[in-house]
Enquirer: 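One structure is given below, represented as structure tokens, and several questions about it will come after.
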Amino acid sequence: MPGLRESCEIHFGTSDLYKVLGVRKEAGEGEIRRGYHRVSLKVHPDRVQQEEKENATAEFQILGKVYAVLSDKEQRALYDEQGIVDEETDTLSQDKNWEEYWRLLFKKITVEDIKAYEEKYKGSEEEKNDIISAYMDFEGNMDGIMESVPCADFEDEPRIRHIIQKAIKSKEIPSYNAFVKESKKKREQRNKRAHEEAKEAEEIKKEMGLGDDSDDLKALIQRRQNDRKKEMDSFFDQLEAKYCNTSKKATSKSKAPKKGKK
């Protein structure tokens, strides 16, 4: 039976655990968790057609093991230093129920959950901490920040920028060139993408004859989940990945280092 790295190569085209989750090698706990959630949503056995379930189940189990390694300090250190995965640990037990493990990490969401969480989250100290953490993780790159912060859409960008600018001014975080010198063209491209995603959502709603009530929105989200030909980073998969109520609250990372890349 192939080991974890070999299984990753077979199913995901790379033996690099970080690349499997689509995160950086220096990624923090939050980024690794978000990466695992994004990719696992794509192959969750409950979200695919019957004929795809066997392969999806195998990939889902592999992703659970990858996350288990990278979220464990000792396992991750061993992998980072020697490129080795200890296959004999309880962390990678073959008897582990990876779907149950996933459900413990990520609560199943409803439309009501999304709305309630967004109302509570936006403007909160938790959101501020997430923004600052994302700023540090992505070294000021607003594309990464906007993708990473839960509930963020293009209308929130000026408010998010103000929070970051205020933190820079107070020397809570370093001033990264990627943020302070971002070109107008790049901002416009990001805004254009956001508008295109919103337009796509409206077109699908019209095509399906849906309104704005919760049942219609659920149907719309289900339609998006079943479209296996679309890329994972498209609008509705982002909706679930961003708005999901996790069982673990975001940890405060507001005490960022005072010095960084200028």
Enquirer: Examine distances only and state if a side-chain atom of Gln75 and a backbone atom of Ala68 form a donor-acceptor pair shorter than 3.5 Å.
Expert: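 Absent.
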
Enquirer: Does a side-chain heavy-atom distance below 4.5 Å link Ser148 with Glu31?
Expert: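 Of all side-chain heavy-atom pairs linking Glu31 with Ser148, none is under 4.5 Å.
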
Enquirer: Do Arg161 and Glu182 make a side-chain contact, defined as non-hydrogen atoms from C-beta onward lying under 4.5 Å apart?
Expert: yes

Enquirer: For the pair Glu6 (side chain) and Gly3 (backbone), establish whether a donor and an acceptor sit closer than 3.5 Å, ignoring hydrogens and angles.
Expert: yes

Enquirer: Quick one: does His11's side chain get under 4.5 Å of Val20's, heavy atoms only?
Expert: no

Enquirer: Taking atom CD as the centre, does Glu54 end up with more than 12 heavy-atom neighbours from other residues, nucleotides or ligands that are less than 6.0 angstrom away?
Expert: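 No.
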
Enquirer: Do Lys19 and Val66 come close enough that some side-chain heavy atom pair is under 4.5 Å?
Expert: no

Enquirer: Can you find a pair of side-chain heavy atoms, one from Tyr135 and one from Ile168, that are under 4.5 Å apart?
Expert: yes

Enquirer: With a 3.5 Å distance limit and no angle check, can you tell me whether Arg5 reaches the backbone of Gly83 through a side-chain donor-acceptor pair?
Expert: yes

Enquirer: Would you find more than 12 non-hydrogen atoms of other residues, nucleotides or ligands less than 6.0 Å from Lys192 atom NZ?
Expert: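 Counting other residues, nucleotides and ligands, NZ of Lys192 stays at 12 neighbours or fewer.
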
Enquirer: Please report the shortest heavy-atom distance between Asp153 and Met146, naming the atom on each side.
Expert: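 Scanning both residues, the minimum pair turns out to be O-CE, 3.2 Å.
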
Enquirer: More than 12 heavy atoms of other residues, nucleotides or ligands under 6.0 Å from NZ of Lys166: yes or no?
Expert: no

Enquirer: So, for Leu63 and Ser40, which heavy atoms are closest and what is the spacing to 0.1 Å?
Expert: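 Distance-wise, the nearest heavy atoms are CD1-CA, 3.7 Å.
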
Enquirer: Is there a side-chain contact between Gln165 and Phe179 in this structure, where contact means two heavy atoms from C-beta onward sitting under 4.5 Å apart?
Expert: yes

Enquirer: Mind listing the closest non-hydrogen atom pair of Arg76 and Leu70 along with its distance?
Expert: CD-O, 3.4 Å

Enquirer: Find out whether Ile145 and Met142 are in side-chain contact, i.e. whether some heavy atom of one side chain is under 4.5 Å from a heavy atom of the other.
Expert: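 Result yes, sub-4.5 Å side-chain heavy-atom pair found.
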
Enquirer: Is Glu147 reaching over with its side chain to a backbone N or O of Gly144, donor-acceptor style, under 3.5 angstrom?
Expert: no

Enquirer: Would you say that Val85 contacts Leu17 through its side chain, given a criterion of any heavy-atom pair below 4.5 Å between the two side chains?
Expert: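 When only atoms from C-beta onward are counted, Leu17 and Val85 do touch, with a gap below 4.5 Å.
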
Enquirer: Step by step, work out the side chain to side chain donor-acceptor pair (under 3.5 Å) result for Tyr79 and Asp86.
Expert: CA-CA 8 Å; Tyr79 174 71; Asp86 185 355; over 6 Å; no

Enquirer: Tell me whether Phe154 shares a hydrophobic cluster with Ile160, the cluster being built from Ile, Leu, Val, Met, Phe, Trp, Tyr side chains joined at under 4.5 Å.
Expert: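 Shared cluster, no.
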
Enquirer: Does the Lys NZ or Arg CZ of Arg24 fall within the cation-pi geometry relative to Phe138 - under 6.0 Å from the ring centre and within 45° of the axis?
Expert: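 Yes, Arg24 and Phe138 form such a contact.
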
